[in-house]
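Both ligands and their constituent atoms are indexed starting at 1 by order of listing. All figures in this text were calculated on a predicted structure; none of them were measured in a lab. Positions are given from 1 along the sequence.
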Amino acid sequence: MYDQVFSGRFLYRGSFQELDIGVNNGIISGIKKHIPGERKILKHAVMPAGTDTHVHFRDPGETDKEDFATGTISAVYGGTSTIFDMPNNRVKIDNYSAYSDKLGIVKRKAFCDFGLYSMFTGNNAQVISKESSGIKIYMGETTNAAGTSGFSESGIEAINTMNIPVVFHAEDGKCLEIHNKIARNLKEYSAIRPEECEDVAIKNATDMHFNRGVITHMTHSVDTPYAKEVTPHHLLLNYDMPLGSYGKVNPPLRSPETQQNLLHSYTGGSFAVVSSDHAPHVQGDKGEFEFARSGIIGVETRIPLILALVQKKIVPFDVFYKTCILNPARMFSLRKGEIDTGNYADFITVDFSSMERINDYRLHSKNPGSPFNGFDAIFPEDVIIRGGSVIERRELVNDRSGKYVEDLEPLK
Ligand code: DOR
Ligand code: ZN
């Protein structure tokens, strides 16, 4: 009757319950108290695997920093079964041929499921790939992106009709230019890319009235009708910490007070999504602060860091589940994020007693230097994607079998 049956304590309709789950073709087909026959027993707490809506895996073009294999391996070790990769490759993904070239390259390397963003630069709406999973708009300059301001009504309308998430890097280009000067440390870096540049950009983004607008990596809470994303680094790090250039990121880390306020808003439920903004650079790019490149890795530590905060009762379980698992899957209309019939059998098992300190040389990124070194984390024991084991007892047991989200079953 089923290809496979999993047995364990599953997060189902808001609570953990002892259940048997039948799976056909990677999709959950039956959820019962007991299903007779052979069953695969899952230990610990079983929940749906996570979705990371914002990563930079640098493939193609800068595979000395990361590639799609090392990036997706890092994702699965961290309990994430689907990632969405940003378009600021060395050659920008702002037209359909760049998109299909990238897809052809990364498809064969993926260890987890994935989607790809295209970059909207204001005048390229007609040449953006119709297949794009999402749109990214850089309002100010950052790694491999110039920043744009001129958006025509017709361009905005064309993007809106694609009916996919439109994600804003909200730092205003003109505002950044006024402030731009040298920064020798994290505090000075926050001063030359101040919060007011975010506020201007968020207002301008909101005025474009996209149906599915998202403000990513907010460093402080601002009212907007768009969905709000926050990163673990803005929640947990601030410019007074001795992180050097490994803490250099756009938008910058803020003051301890701003960080505490952000964490407080997050635990109170003000944010829809936690995304990692995983942005690796080679060690040489992270030398002297003034000249260091911006970006922090995080795809492998996103869920483990927040799980540790759940265990310490700093973050409510429900806030963790919605922001790291449910809402990111919903943002892209995936059949994921919730254990239910018709959804993919993407599971993680979590032993809440297995708290440990992050040791960055054990992370799986090509450039594992992390400002979270020494932070408490709970890594998943097992990771299952579409019914297949990818991680078992914290070891990789599968080869590249990640699928492009366009090749997954759509929501009914
Ligand atoms: O710090 C950052 N690094 N911010 C971005 O917006 C881009 C990212 C990167 O790609 O390096
Ligand atoms: Zn980013």
Practice item. Starting from the C-alpha separation in whole Å, work towards a yes-or-no answer on salt bridge (charged side-chain N to carboxylate O under 4.0 Å, His left out) for Arg58 and Glu66. Key: CA-CA 6 Å; Arg58 313 293 196 204; Glu66 197 76 280; over 6 Å; no

Point to revise | Lys107 NZ/CZ over Tyr404 ring centroid, <6.0 Å and within 45° of normal | key: no

Going by distance only, is there an N or O of [X] that falls short of 3.5 Å from an N or O of ligand 1?
| X | result |
| --- | --- |
| Ala279 | no |
| Thr143 | yes |
| Asn88 | yes |
| Ser294 | yes |

Relative to the heavy atoms of [X], which atoms of ligand 1 are at a distance of less than 4.0 Å?
| X | value |
| --- | --- |
| Val249 | 1 (O) |
| Arg58 | 9 (C), 10 (O), 11 (O) |
| His281 | 11 (O) |

Check your understanding: Any chance the side chains of Asp382 and His44 put a donor and an acceptor closer than 3.5 Å?
Key -> no

Check your understanding: Do NZ/NE/NH1/NH2 and the carboxylate oxygens of Glu171 and Arg193 come within less than 4.0 Å?
Key -> yes

Review point. Given Ile28 and Phe347, is the side chain to side chain contact (heavy atoms under 4.5 Å, CB included) satisfied, shown in steps?
Key: CA-CA 11 Å; Ile28 298 172; Phe347 305 131; 4.1 Å; yes

Practice item. Check side chain to side chain donor-acceptor pair (under 3.5 Å) between Ser401 and all other residues, then give those that pass, not counting sequence neighbours. Key: Asn398

Point to revise | Criterion side chain to side chain contact (heavy atoms under 4.5 Å, CB included) on Leu103 and Leu116, from CA distance to verdict | key: CA-CA 8 Å; Leu103 180 61; Leu116 303 178; 4.1 Å; yes

Exercise for review: Examine distances only and state if a side-chain atom of Asp113 and a backbone atom of Gly402 form a donor-acceptor pair shorter than 3.5 Å.
Suggested key: no

Review point. Identify the closest protein heavy atom to atom 4 (N) of ligand 1: which residue and atom is it, and at what distance?
Key: Asn250 O, 3.0 Å

Point to revise | Shortest protein contact, atom 7 (C) of ligand 1 (heavy atom only) | key: Thr142 OG1, 3.5 Å

Review point. Is the Phe57-Phe114 ring centre distance short of 6.0 angstrom?
Key: no

Exercise for review: Could you check whether the rings of Phe120 and Phe151 sit parallel, tilted or perpendicular, using 30° and 60° as the cut-offs?
Suggested key: tilted

Practice item. May I ask you to identify, for Arg293, whether its side chain, its backbone, both or neither come under 4.0 Å of ligand 1 on a heavy-atom basis? Key: neither

Review point. Quick check: are there more than 12 heavy atoms from other residues, nucleotides or ligands sitting under 6.0 Å from CZ of Arg362?
Key: no

Study note, to complete from the structure: Within a strict 2.8 Å cut-off of the Zn ion (ligand 2), protein N/O/S atoms tallied 3

